Amino acid sequence: MQDAQEAFKKLNCCVIIPTYNNDRTLKQVINDVLAYTDDVIVVNDGATDNTAAILDEFQEAIHVFRHEENKGKGMALRNGFKLALAKGYDHAITIDSDGQHFASDLPSFLQELEESPDTLVIGARNMKQENVPGKSSFGNNFSNFWYWVETGIKMDDTQSGYRLYPIRKMENFRFISSLFEFEIEVIVKAAWKGITVKNIPIKIYYEPGKQRISHFRPFQDFSRVGVMHTYMVTLAVLYYIPLRFFRSLSRENIHQFVKKNFFDKNEPPHIKAFSIAFGVFMGIFPIWGYQLIVGISLAHLLKLNKALFILAAHISIPPMIPLIVYGSYKMGEIFVENPNNDLLFSQGLTLESVKENLLQYVSGAVLLSVLAGLLAGILTYGYLMLSRARSFVTSNEPS
């Protein structure tokens, strides 16, 4: 334990424990952490149970920050970071107060900090072990996927609250969230700012039955996490991904990217054809504004060539939009009794006229997307098979 105490001092690191109505486990968590370090900050997030009395018992050993009313875990962490910075710490390890984390894993975080300074480290839980709630496993997989979309980084666990933050390097970050979704926002923005984000394995304890107190509200908080991911994906598509792409441009990188994604001879022709077909389909399908977000997600699940998908999905570039809209309206004529032939709305574009013709457009766009996707897939597959046959013949000609 003495080695850990010295390491915390040497690395200028503290432990932050955000807590809200966890008086049944809080005292044990604090005692366990104090065995490794006396650099401890507890943020009382407006608890209404016996938390204040428990913290009074440790008033000589720890620093306490109190919210008069509950503000959410995100705000508790943000204020914990501010207090830690004010006290001169450069790094902070956060640990939950519900007893699911083991203080014995603290040295693992310190070792990572020594080997990789200024890295944001997330403790990866074994989500397959006994008593792990199904909602936790699903939520983690959901979050891991969108984190990869937003940053290009594959993680095993993006929702664990047991983390090491390089708070000094994050001092000027701007955050908009205050509840559970903060833990998504902070790791996405850290990655965007060039901070290395990685996992290390940790132990986890999920108490059997319903004894463990969790303040995560499945519907409300999962919805907020979904909204946060939507916000971050939008920023990623509009700013971060293009920026990352242009920063990575070099002749060799471009050559390797094109060779891998467009001319990979080991990728089956039907995968390439299906990728292009699906891209054309999504590019026309009438969910404007969400075509790429939905399409990339499905392309990933279907294990398609995402580069070819994105290229094909750009069939809906501005010069093509009038043709797509026109074709959609014409296709939609077969689904309505009184089709609109005034495609330029010469009588005026009103809410009523849009409403009257919405079915014609939507039904036509769906049909057009299916037909165009099938045609693109068939032509691509035919071309690839013909090219493969020619290559085979050429390679077997006598020299």
Side-chain angles (χ1 to χ4, degrees), residues 13-34 37-101 103 106 120 122-123 159-168 170-190 212-225 227-228 231:
C13 183
C14 67
V15 174
I16 297 176
I17 308 173
T19 187
Y20 174 65
N21 288 356
N22 275 124
D23 59 357
R24 191 173 63 84
T25 53
L26 177 61
K27 186 173 183 177
Q28 185 62 53
V29 170
I30 295 175
N31 277 322
D32 289 347
V33 171
L34 285 173
T37 180
D38 55 6
D39 296 294
V40 180
I41 295 173
V42 177
V43 181
N44 178 359
D45 188 24
T48 57
D49 59 3
N50 200 39
T51 292
I54 293 172
L55 295 180
D56 285 343
E57 297 178 29
F58 294 96
Q59 59 181 329
E60 300 298 326
I62 65 175
H63 305 290
V64 176
F65 188 96
R66 175 176 171 77
H67 292 163
E68 292 303 320
E69 58 184 32
N70 180 244
K71 295 185 177 181
K73 186 179 183 182
M75 192 56 69
L77 289 172
R78 290 167 62 176
N79 284 330
F81 293 165
K82 287 179 183 178
L83 179 58
L85 287 167
K87 291 188 175 296
Y89 294 108
D90 296 324
H91 306 89
I93 299 173
T94 61
I95 184 170
D96 291 345
S97 64
D98 59 4
Q100 65 170 296
H101 298 147
L106 287 170
L120 196 161
I122 304 173
Q159 290 198 314
S160 170
Y162 205 172
R163 303 178 175 191
L164 165 65
Y165 289 100
I167 55 174
R168 187 66 61 184
M170 296 162 42
E171 189 171 6
N172 297 318
F173 282 20
R174 292 177 179 270
F175 301 110
I176 64 171
S177 53
S178 60
L179 302 179
F180 284 98
E181 69 273 17
F182 169 78
E183 291 183 303
I184 294 298
E185 182 186 10
V186 65
I187 61 174
V188 172
K189 289 185 174 178
R212 173 176 167 263
I213 297 175
S214 173
H215 302 293
F216 187 88
R217 301 160 299 174
F219 179 76
Q220 298 98 317
D221 291 315
F222 189 74
S223 297
R224 292 180 69 94
V225 169
V227 170
M228 175 56 69
Y231 170 71

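If you read the sequence from its start, that first residue is 1, and numbering goes on from there. Just so you know, these numbers use all the heavy atoms, side chains as well, and skip hydrogens, waters and symmetry mates. Computed from a predicted structure; not experimentally measured.
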Peer 1: Nearest 0.5 Å please: distance from the CG atom of N44 over to the OG1 atom of T51.
Peer 2: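 That separation rounds to 5.5 Å.
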
Peer 1: When you compare the side chain of F58 with that of V42, does any pair of heavy atoms fall below 4.5 Å?
Peer 2: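 With C-beta onward as the side chain, the pair stays apart.
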
Peer 1: Which atom names give the shortest non-hydrogen contact between A84 and C14, and what distance separates them?
Peer 2: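 Scanning both residues, the minimum pair turns out to be CB-SG, 3.8 Å.
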
Peer 1: Quick one: NE2 on H63 to CD1 on I16, what's the gap to the nearest 0.5 Å?
Peer 2: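 Reported value, rounded in 0.5 Å steps: 11.0 Å.
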
Peer 1: If the plane angle is over 60° it's perpendicular, under 30° parallel, otherwise tilted; pick one for F182 and F175.
Peer 2: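 The arrangement is perpendicular - the two ring planes meet at more than 60°.
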
Peer 1: Mark yes or no for whether K71, through its side chain, and G46, through its backbone, hold a donor-acceptor pair below 3.5 Å.
Peer 2: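 Not a single qualifying donor-acceptor pair exists.
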
Peer 1: Between S178 (side chain) and G72 (backbone), is there a donor-acceptor pair under 3.5 Å?
Peer 2: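 Side chain of S178 to backbone of G72: no pair is present.
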
Peer 1: Mind running side-chain contact (heavy atoms from CB on, under 4.5 Å) on T94 and F81 for me, showing each step along the way?
Peer 2: CA-CA 10 Å; T94 61; F81 293 165; 4.1 Å; yes

Peer 1: What I'd like to find out is whether the side chain of L77 reaches to under 4.5 Å of the side chain of V43, using heavy atoms alone.
Peer 2: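 No, their side chains stay 4.5 Å or more apart.
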
Peer 1: Any heavy-atom pair between the side chains of P166 and L120 that's under 4.5 Å?
Peer 2: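 When only atoms from C-beta onward are counted, P166 and L120 do touch, with a gap below 4.5 Å.
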
Peer 1: CE of M75 to NZ of K82: how many Å apart, nearest 0.5 Å?
Peer 2: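 Reported value, rounded in 0.5 Å steps: 7.0 Å.
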
Peer 1: When you check the gap from the basic side-chain N to the acidic O, do K87 and D39 get nearer than 4.0 Å?
Peer 2: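 Salt bridge: no.
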
Peer 1: Below 4.5 Å, heavy atoms only, C-beta onward: do I187 and R163 meet side chain to side chain?
Peer 2: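 A side-chain contact under 4.5 Å exists here.
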
Peer 1: Measure from the side-chain N and O atoms of R168 to the backbone N and O of H91, and report whether any donor-acceptor pair falls under 3.5 Å.
Peer 2: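 Looks like no, no N/O pair under 3.5 Å.
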
Peer 1: Atom OG1 of T19 and atom CD1 of I30: how far apart are they, to the nearest 0.5 Å?
Peer 2: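 Nearest 0.5 Å value for the OG1-CD1 distance: 7.5 Å.
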
Peer 1: Closest heavy-atom contact between I93 and C13?
Peer 2: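 Looks like CG1-SG, 3.9 Å.
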
Peer 1: Taking all heavy atoms of T48 and all of N21, pick out the closest pair and write down the distance.
Peer 2: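 Minimum heavy-atom contact is N-OD1, 2.7 Å.
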
Peer 1: For a 4.5 angstrom cut-off between non-hydrogen side-chain atoms, does M170 reach V186?
Peer 2: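 Contact flag for M170/V186 side chains = yes.
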
Peer 1: Under 4.5 Å between any side-chain heavy atoms of L55 and L26, yes or no?
Peer 2: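 A side-chain contact under 4.5 Å exists here.
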
Peer 1: Within this structure, what is the CD1-CG distance for the pair I17 and D98, rounded to the nearest 0.5 Å?
Peer 2: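 Here the interatomic distance stands at 11.5 Å.
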
Peer 1: Roughly how far, to the nearest 0.5 Å, is the NZ atom of K73 from the OG atom of S97?
Peer 2: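 Atom-to-atom, S97:OG and K73:NZ are 8.5 Å apart.
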
Peer 1: Would a 4.5 Å heavy-atom cut-off, applied to side chains only, mark E181 and E185 as touching?
Peer 2: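 No - every pair of side-chain heavy atoms lies 4.5 Å or more apart.
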
Peer 1: Would you check if M228 and I176 make a side-chain contact, meaning some heavy-atom pair closer than 4.5 Å?
Peer 2: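 M228 reaches I176 side chain to side chain.
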
Peer 1: Using only atom types and a distance under 3.5 Å, with no angle test, would you say the side chain of N70 pairs donor to acceptor with the backbone of D45?
Peer 2: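 Flag set: sc N70 to bb D45 pair under 3.5 Å.
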
